[in-house]
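Before any comments, here is the structure.
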Amino acid sequence: MDPQYQPRRIEPEVQREWAATRAFVAPDSSPKPKYYCVSMLPYPSGKLHMGHVRNYTINDALYHYMRMKGWNVLMPMGWDAFGLPAENAAMANGVAPAKWTRENIAYMKGQCQAMGWAIDWTREVATCSPSYYKWNQWFFLRLWEKGVVYKKTGVVNWDPADQTVLANEQVIDGRGWRTGALVEKREIPMWYMRITQYADELLDSLDGLGWPEQVKQMQRNWIGRSYGVEFVLPYAPGTQARMKDGKHGVKVFTTRADTIMGITFAAVAAEHPLATEAAKDDPGLAAFIEECKRGGVQEAELATMEKKGMPTGLDVLHPITGERVPVWVGNYVLMAYGEGAVMAVPGHDERDFAFAKKYGLPIRQVIEVEGKEYSVDEWQPWYADHGRNVDSGARFAELDGREYDDAIDTVVAKLNALGLPAAKRVQYRLRDWGISRQRYWGTPIPIVVCPKCGDVAVPDEDLPVILPENLVPDGSGSPLARDRAFYECKCPMCGGAAKRDTDTMDTFVDSSWYFMRYACPDAGTMVDPRARYWMPVDLYIGGIEHAILHLLYARFWTKAMRDLGLVHVDEPFTNLLTQGMVLNHIFSRRNAKGGIEYFPPDEVQAVQDAEGRICGATLKGDGSAVDYEGIGTMSKSKRNGVDPQEMIERYGADTARLYVMEASPPTDTVLWSDKGVDGALRFLRRLWKMVHEHVAAGVVAPCRGDGDLSSPLRELRFKLHRTIEKVGDDYGRRLQFNTAIAAVRELLNLYADLQDRSPAARAVAQEVLEASIVLLSPVVPHIATALWRELRPGTRLLDQPWPAVDPAALVKDTIRLVVQVNGKLRGHLDVSADASREEIEAAALRHEAVIKFAGGRKPKKVVVVPGRLVNVVV
RNA sequence: GCGAAAGUGGCGGAAUUGGUAGACGCACUGGAUUUAGGUUCCAGCGCCGAAAGGCAUGUGGGUUCGAGUCCCUCCUUUCGCACCA
C-alpha cells in the first residue's frame with residue numbers, strides 16, 4: 001500500500017474500473033425497489049460551475065447511500081442544450097450555436113466523469129438532438145388538437161435599433177443591452193399552452209407532495225386562486241356613442257365586490273379600446289399612451305414604477321347609482337391581466353388611494369371596522385380589511401350592515417336584479433404559458449402558415465421539423481426568419497406554397513419532460529413502458545431559483561401527458577431538494593454604447609471602505625475603475641462563476657466533493673470562498689495514513705460485539721455505532737451532509753487518540769475504519785474504494801451494504817445530566833440510567849453547585865427532563 | 001412593489017422535538033519536528049473580567065422554570081416575478 005495519498009493516481013484508476021464494469025448502469029427491472037434520483041440538467045455553458053458540483057455531488061452521495069441500502073438506483077444526466085447563451089456566443093465569436101454547444105457538452109461531460117459521479121451515461125439526453133425535440137413538436141401538435149395549445153397576441157420587449165425581440169435579461173434599465181436603445185412594448189402573435197386549465201389541480205395536488213413547504217407556498221401564491229365577481233361598468237351615453245365595439249360597457253373583475261359603493265373612478269390599460277378611442281381627438285392622451293408603451297414588460301419594473309394616469313374624458317356609469325364615473329388610463333393597469341380594466345375604490349384599496357390622492361379624485365368610506373376611525377388624510381392598513389358595509393346610499397340601503405361574503409352575494413343579486421351581467425368567478429394570478437420565441441437556437445414550432453388554409457400542423461410523418469445547424473445569428477432578428485431553405489415549404493393541406501412558423505419553443509418546454517426520456521432515451525415513441533418503471537422521480541434536486549417556473553411547467557406537462565395516456569403519474573417529482581445558490585461578487589461597468597459589461601471577480605482588485613465592505617474595484621489589467629454590484633448567484637452572463645477544474649487538478653475530485661459537501665447544508669446559500677479546501681485535503685491524507693498504519697500491522701477480523709472490552713474500547717464502539725446511526729439519518733432523512741461528515745470526523749478524532757494496540761483494540765480499529773470508509777464513501781468514493789481494497793482484499797466497496805448498528809454497543813449504565821439553577825448551567829450530575837425522577841431531584845438538591853447558587857433560598861420548583869437536565873428554581 | 005427564505009465567534013457552520021450556545025472545520029497564536037519551505041504533531045482560540053462571575057445567536061419587545069429555536073416589531077441580505085436557465 002502506498003504510504004502517501006495520491007488522488008491523481010487513484011482517481012483515474014478507480015474511474016476506469018467503474019467504467020469497465022459498467023458499475024452505474026441501472027437495469028430497467030430488478031427485484032430491488034427502484035430509486036430514481038434526478039438533478040436538474042445543466043445548461044452547457046462551457047464548463048461546470050460550483051453550483052453544478054454541489055448539485056451533482058449531493059445527488060451522487062444519495063445514489064451511493066440508497067444503493068448500499070438495497071435500492072436499484074438510477075442517476076442520469078443530460079444537457080439543456082437550447083437557449084440564448086449559445087446565440088450570444090455565436091454573435092461574439094462567429095461560431096454556429098450547434099458547434100459551440102456540442103463542444104461544450106463534450107468538455108463538460110469529461111468534467112463530470114472526472115468528478116466521479118455515478119451517472120448512467122447510457123441514458124444521456126441532449127435537448128438539441130432531433131430525436132429529442134421531435135417529441136416536443138409531436139406533443140405540441142397533440143395539445144393543439146385538444147385545444148390546450150392556442151394562438152393569441154402577446155407583449156414582448158422590442159429593441160428598435162436592432163429590430164429584434166429582447167429577452168428580459170437583455171433589457172437593462174429599460175434599454176437594450178447591446179444597443180443601449182430605449183426598449184418598447186410590442187404585441188405579436190404567439191402560441192400559448194393553457195396551463196390555467198390545470199390551475200386547480202396544480203394547486204390542490206401540492207398538498208400531497210414531499211416538497212419543502214416554502215416551495216409549495218410559492219407555487220400556491222403564484223397560481224393565486226381568488227374568488228371574485230365579474231361585472232360590467234355600463235358606458236355613459238356619450239361614451240356608448242363613441243365606442244363601436246358592440247359592447248355596453250367595460251368588463252371588470254374584483255375580489256372586493258363588497259366595496260362597490262366606494263367606486264369613484266375606473267382605470268384602463270393604455271392598450272384598452274376605450275383608451276385608443278379617447279386618444280383619437282386628444283393629443284395629450286395619445287402622447288401619454290405612447291409613454292405607457294415605452295419600457296419593458298418585466299413585472300418587477302412595472303410594480304415599482306411611479307403610478308401615473310390621465311383622464312380619458314370618457315365616462316362609465318356606476319352600475320347601481322347610475323352616477324357618472326370617469327375612466328382614466330393608468331400605466332399600472334395591464335392589458336394582459338383579466339380584462340385590462342379595473343374598478344377603483346380609493347377608500348379601501350391602497351393603490352387606488354394613492355392614485356386618488358395624487359390626482360385629487362374622491363375617496364369614499366363604505367366599510368367600517370369596529371372601533372376604528374376612518375380619515376381620508378392618510379392610508380391605514382385596516383382600510384383594506386373586511387368589515388361591515390356602511391353609507392351604501394338610498395338605492396342600495398339593504399347592503400348596509402352586511403359583511404364580506406354576505407355583502408358580495410347581495411351585490412351580485414342586486415346587479416342581476418337591475419338587469420346587469422354579474423357573476424361570481426374564480427380568478428387565477430397564473431397566466432397561460434406563452435411558448436413562442438423569436439429565436440433561432442430552439443425547437444422549431446411544427447406549424448406551416450398557408451395563405452389559404454391558415455395555420456396547418458406539420459404531419460406526424462414529417463416530424464421532426466429539423467433545425468438547420470449552420471446558421472450564425474447576428475443580433476438583428478432570428479436567422480430562421482431569413483433562411484429561405486428553412487421556411488419555404490408546401491402546405492400539407494392544399495399543397496400550395498406556404499411558409500413555416502419561424503419561431504422556436506421556450507426552452508422550458510425542453511426541461512419539462514427530459515426526466516421521463518432518461519428512462520427510454522432510444523424509444524421510437526415519446527416515452528415507452530420503461531418510463532412506467534422509473535417514474536415518478538423519487539428525489540429531484542436543483543436550485544431554489546427554479547422553485548416556481550420550471551417546476552410548475554414540468555408538473556403541468558406531466559399532467560398533460562397523463563391526460564393523453566402517455567404516463568401514469570399525476571406528479572413528476574415525489575420529493576424535492578432545493579439547493580441553495582452559490583453566490584459570488586459581481587463587478588460591472590457601462591460601455592461606450594450604453595450597454596453593460598461584466599468582469600470576473602478574479603480579474604479585479606476590490607476596494608473596501610472603513611467597515612471592510614466592498615465599495616468598488618479596479619481592473620487588474622489596466623487599473624481602470626469598475627462598479628461593485630453586490631453579491632449574486634453565479635452566472636455565465638454576469639461572469640462571476642468559479643470553474644471547479646482548477647480544484648480538481650490541484651486537489652483531486654474527492655477533496656473538491658468533500659469540501660462542497662461539508663461547507664454548508666445543501667439548502668443554504670453559499671458565498672463562494674476557496675479557503676478551507678486545504679482542510680478537506682488534510683482530512684483525506686489523515687484518513688489514508690490511519691488506514692495505512694493499521695494495514696501495515698496486518699488486517700484483522702473486525703470486532704463484532706462488546707464481549708469484555710476495556711472501557712476506552714467500549715467508549716469507542718459506542719461512538720462508532722452512534723455515528724453509524726446519525727450518519728444514516730443525516731443522509732437518508734435529513735439530507736444534511738455537513739453534519740454527517742463532521743460526525744465521522746469526531747469518530748476518527750476519538751479513534752486517533754487510542755493508544756491500545758492489543759488484539760482486541762485492533763479488532764475494534766478494523767471495525768471503526770471499515771465503517772468510517774463506508775460512511776464516507778458516498779462523498780469521497782475514490783479514496784474509499786482504494787482504502788477498502790486494502791482493508792478487505794478481494795472484496796469490492798460497491799457491493800457492501802450500509803453498516804448495521806449494534807444495539808448492544810449503545811447501552812450505557814450511567815448518564816450525565818446538566819444541573820441548572822434558575823435556568824443557568826451550574827454543574828453536572830452522573831446518575832444511573834434507570835434513576836427515577838425523585839432520585840434525580842434529591843441528588844440535584846444535594847449537589848454542591850445547587851447549594852452554592854441557591855444561597856439558602858428554598859427551591860420553588862424542580863424541573864427534571866429525563867436524560868437531559870434538572871433545573872432547580874429558587 | 002409583491003411572494004418565499006436567511007441572519008449565531010475573525011470566517012464556514014453545529015445545536016434534529018423549547019432543555020449544556022459555538023460540535024466539526026478554516027484562519028490565527030504559541031510550541032515540537034524539519035537545513036529551509038511545505039508536511040505532520042501538541043496546545044490555545046466568542047466578548048468583558050485578576051478571579052468569582054457576568055454578557056452574548058441582526059434590532060426592540062413578549063411568552064416560559066428555561067428561547068438561537070415560539071409570537072409581535074423593525075433592519076439587512078438572497079431567491080423568484082412569467083423571454084436567463
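Below, all heavy atoms of this structure are taken into account, side chains as well, without hydrogens, waters or symmetry copies. Below, chains carry the letters A, B, ... as their sequence lines are ordered, and counting in each starts from 1.
- Note on Gly632(A): only backbone sugar-phosphate atoms sit closer than 4.0 angstrom, heavy atoms only; bases stay farther off.
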Just the atom pairs and distances: protein N or O near nucleotides 50-54 of chain B's N or O, under 3.5 Å.
from   : atom 1 : to        : atom 2 : distance (Å)
G53(B) : OP1    : Lys852(A) : NZ     : 3.0
G54(B) : OP1    : Arg826(A) : NH2    : 3.1
G54(B) : OP2    : Arg826(A) : NH1    : 3.3

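- Residue Asn168(A) is classed as a sugar-phosphate contact, given heavy-atom separations below 4.0 Å to backbone atoms only.
- Of the candidate nucleotides A82(B), C65(B), C24(B), C24(B) has the atom lying nearest to any side-chain atom of Arg745(A).
- Thr739(A) has no side-chain polar atom (N or O) that falls below the 4.0 Å cut-off from OP1 or OP2 of A14(B).
- Distances shorter than 4.0 Å separate some side-chain N or O of Arg734(A) from OP1 or OP2 on A15(B).
- When each of U16(B), A82(B), C81(B) is scored by its nearest atom to the side-chain atoms of Ala300(A), the top-ranked nucleotide is C81(B).
- Take Glu841(A) and apply the side chain to side chain donor-acceptor pair (under 3.5 Å) test, not counting sequence neighbours, and it matches no residue.
- Side-chain nitrogen and oxygen atoms of Arg686(A) include at least one within less than 4.0 Å of the OP1 or OP2 phosphate oxygen of C41(B).
- Using a 4.0 Å heavy-atom cutoff across all strands shown, Val873(A) reaches sugar-phosphate atoms only and no base atom.
- Relative to the side chain of Met218(A), the nucleotides U16(B), A4(B), U78(B) differ in distance, and A4(B) lies closest.
- Taking atom P in both U20(B) and G44(B), the straight-line distance is 23 Å, to the nearest Å.
- At a threshold of 4.0 angstrom between heavy atoms, the contacts of Glu662(A) with the nucleic acid are absent.
- Going from the P atom of U73(B) to that of A21(B) covers 29 Å, rounded to whole Å.
- Using a 4.0 Å heavy-atom cutoff across all strands shown, Met190(A) reaches at least one base atom of the nucleic acid.
- Counting non-hydrogen atoms under 4.0 angstrom, Arg868(A) reaches the backbone sugars and phosphates but no base.
- Counting any heavy atom pair closer than 4.0 Å across all strands shown, His828(A) reaches a base atom.
- The Gln736(A) side chain lies nearest to A14(B) when the options are A14(B), U20(B), C84(B).
- Listed nucleotides: C81(B), C84(B), U16(B). Nearest to the side chain of Glu299(A): C81(B).
- Gln214(A) comes within 4.0 angstrom of sugar-phosphate atoms only, judged by non-hydrogen atoms across all strands, and of no base.
- Of the N and O atoms on the side chains of Arg686(A) and Asn749(A), at least one donor lies less than 3.5 Å from an acceptor on the other residue.
- Put simply, Asn221(A) has no side-chain N or O that comes within less than 4.0 Å of OP1 or OP2 on C2(B).
- Within 4.0 Å (heavy atoms only), Pro665(A) reaches sugar-phosphate atoms of the nucleic acid but no base atom.
- Base contact: Thr304(A) has a heavy atom under 4.0 Å from a base atom.
- Taking side-chain N and O atoms only, Asn749(A) has a distance below 4.0 Å to OP1 or OP2 of G25(B).
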| message | Walk me through whether Glu746(A) and Lys726(A) qualify under salt bridge (charged side-chain N to carboxylate O under 4.0 Å, His left out). | response | CA-CA 12 Å; Glu746(A) 277 186 63; Lys726(A) 175 175 175 51; over 6 Å; no

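- Both Leu671(A) and Arg685(A) lie near RNA chain B, and the one whose nearest nucleotide falls closer to the 5' end is Leu671(A).
- Test Thr504(A), Asp506(A), Thr507(A) against Arg437(A) for side-chain hydrogen bond (donor to acceptor under 3.5 Å, both in side chains) and you get one pass: Asp506(A).
- Between Phe355(A) and Tyr332(A), the ring centre distance stays below 6.0 Å.
- At a threshold of 4.0 angstrom between heavy atoms, the contacts of Lys860(A) with the nucleic acid are absent.
- Looking at heavy-atom distances under 4.0 Å, Ala547(A) makes no contact with the nucleic acid at all.
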| RNA chain B base-pair string [pairs: Watson-Crick or G-U under 3.5 Å; |: paired with another strand] | (((((((..(((......[....))).(((((.......))))).(((....)))..(.(((..]....))).))))))))....

